[in-house]
There are 2 protein chains.
Amino acid sequence: MEKTPARLRRVPSRLLGLAAAQADRVVNSGFAELDARKWHYSALVALHDSGPASQAELSDRTGIYRSDLVAVINELAERGLVERTPDPDDRRRNVISLTEAGREQFVRLEAALVAMHEELLAPLTEAEREQLIDLLVKLVFPQ
Amino acid sequence: MEKTPARLRRVPSRLLGLAAAQADRVVNSGFAELDARKWHYSALVALHDSGPASQAELSDRTGIYRSDLVAVINELAERGLVERTPDPDDRRRNVISLTEAGREQFVRLEAALVAMHEELLAPLTEAEREQLIDLLVKLVFPQ
DNA sequence: GCTATTGCGTTAGTGGCACTAACGATGTAA
DNA sequence: TTACATCGTTAGTGCCACTAACGCAATAGC
């Protein structure tokens, strides 16, 4: 990409794709060291900050599709980080709740993520990082 | 994603992923109407702005992997937008060059892309768009 | 001139992510 | 009770970034 035409270098959609790929590389490899991936983190955050939930509600909280969430919960349950128990009040539902191990893993992932962002955002100053986040929030969650 | 925990909403790597997905949706569907996809655009820009090139050099200019470029050139050639001719000076190489139809398609894609970005970046002011682009450039092409 | 290395285009395949379709089972409303 | 909606689940699609390995052609070192 050395000789990339100048025109191409400032195409916003392309920049977003490249930046996201870069972020994915950092985050995937960082989480992999902790036997996790980013969806695990999303689910653990949602459970930690808003308490136990059905899979449907967890999907709503995290933006992970119901269909993909099945595998995520499977993986988290295998590792003993969450528990999947049938909801007695509604037999269609599972209640997903954090275990103690899950809470510990959450703390580890949170710390790892801070380090990863330090690496990812290294070219930006603190003020620029805030700016970028604000702009992205505006873009992704408009209004 | 209504009840997404506040903590999750400002994770930079996540925001970049969401923004890129949003951009991909807009750009894929927009280019699809012109029987193209974003890689076609990248290749056409590179050929238009820097002239004919081998596939290897085109890969370098666009950031598209050599292996993926094969299909892109196939698709462009099928549509009569580029020509793939053996390089007489180096029989390992193909020289890829724009056809007249390719130049016309490039103009169409360029115009379509402007409209797509208008849609994608609608929540941002002109100044904010410039800011975002500058920050992403800094992030993606540091130094 | 021969050989080893490097570069070329190509094929095949991987894994993550976003997303759709359809299913059986269970709940809720008309 | 019949119709409809929701739940978790399975399967599958398409794009993207990336890797591995191939045969062939060119080049560099001896």
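The figures here come from the full heavy-atom set of this structure, side chains too, leaving out hydrogens, waters and symmetry mates.
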Starting from [atom2] on [N], measure out to [atom1] on [X] and report it in whole angstrom.
X: A:Leu69; N: D:dG8; atom1: CG; atom2: P; result: 8 Å
X: B:Arg66; N: D:dC18; atom1: CZ; atom2: C1'; result: 12 Å
X: A:Leu16; N: D:dA17; atom1: CG; atom2: P; result: 12 Å
X: B:Asp68; N: C:dG13; atom1: CG; atom2: P; result: 15 Å
X: B:Asp24; N: C:dC17; atom1: CG; atom2: C1'; result: 10 Å
X: A:Leu58; N: D:dG8; atom1: CG; atom2: C1'; result: 13 Å
X: B:Ile73; N: C:dC8; atom1: CD1; atom2: C1'; result: 14 Å
X: A:Gln22; N: D:dA17; atom1: CD; atom2: P; result: 12 Å

Carboxylate-amine/guanidinium contact B:Asp134 A:Arg10, below 4.0 Å: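 Judged by the 4.0 Å cut-off on N to carboxylate O distance, B:Asp134 and A:Arg10 do form a salt bridge.
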Pairing of A:Arg61 and A:Glu57 as salt bridge, 4.0 angstrom limit: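 Salt bridge between A:Arg61 and A:Glu57, a charged N being under 4.0 Å from a carboxylate O: yes.
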Reference residue A:Asp35; test side chain to side chain donor-acceptor pair (under 3.5 Å); the match among A:Gln105, A:Arg79, A:His40: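 The side chain to side chain donor-acceptor pair (under 3.5 Å) with A:Asp35 is passed solely by A:Arg79 among A:Gln105, A:Arg79, A:His40.
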Within residues 26-45 of chain B, residues whose heavy atoms come under 4.0 Å of DNA chain D: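 Residues of residues 26-45 of chain B that come under 4.0 Å of DNA chain D are, in numerical order, B:Asn28, B:Arg37, B:Lys38, B:Trp39.
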Residue-level proximity of residues 90-99 of chain B to DNA chain D when a heavy atom falls under 4.0 Å: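 DNA chain D contact set from residues 90-99 of chain B: B:Asp90, B:Arg91, B:Arg92.
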Inter- and intrachain pairs under side-chain hydrogen bond (donor to acceptor under 3.5 Å, both in side chains), touching residues 43-54 of chain A, at least two apart: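 Sorted result for residues 43-54 of chain A: A:Asp49-B:Arg7.
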For [N], take OP1 and OP2 only and decide whether either is under 4.0 Å from a side-chain N or O of [X].
X: B:Gln55; N: C:dT10; result: yes
X: A:Arg84; N: D:dT9; result: yes
X: B:Tyr65; N: D:dC18; result: yes

Calculate, to the nearest 0.5 Å, the distance between atoms [atom1] and [atom2] belonging to [X] and [Y] respectively.
X: B:Leu136; Y: A:Arg9; atom1: CG; atom2: CZ; value: 13.5 Å
X: A:Lys38; Y: A:Asn28; atom1: NZ; atom2: CG; value: 6.5 Å
X: B:Arg129; Y: B:Ile133; atom1: CZ; atom2: CD1; value: 9.0 Å

Closest-nucleotide 5' rank along DNA chain D - winner of A:Glu57 and A:Ala21: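 That would be A:Glu57.
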Joint hydrophobic cluster, A:Val45 plus A:Tyr65, side-chain heavy atoms closer than 4.5 Å: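 No, separate clusters.
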In one Ile/Leu/Val/Met/Phe/Trp/Tyr side-chain cluster, 4.5 Å: A:Val70, A:Ile73: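 Different hydrophobic clusters.
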Nearest-neighbour nucleotide for the B:Ser67 side chain, C:dA18, D:dT10, D:dC18 considered: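 Nearest listed nucleotide: D:dC18.
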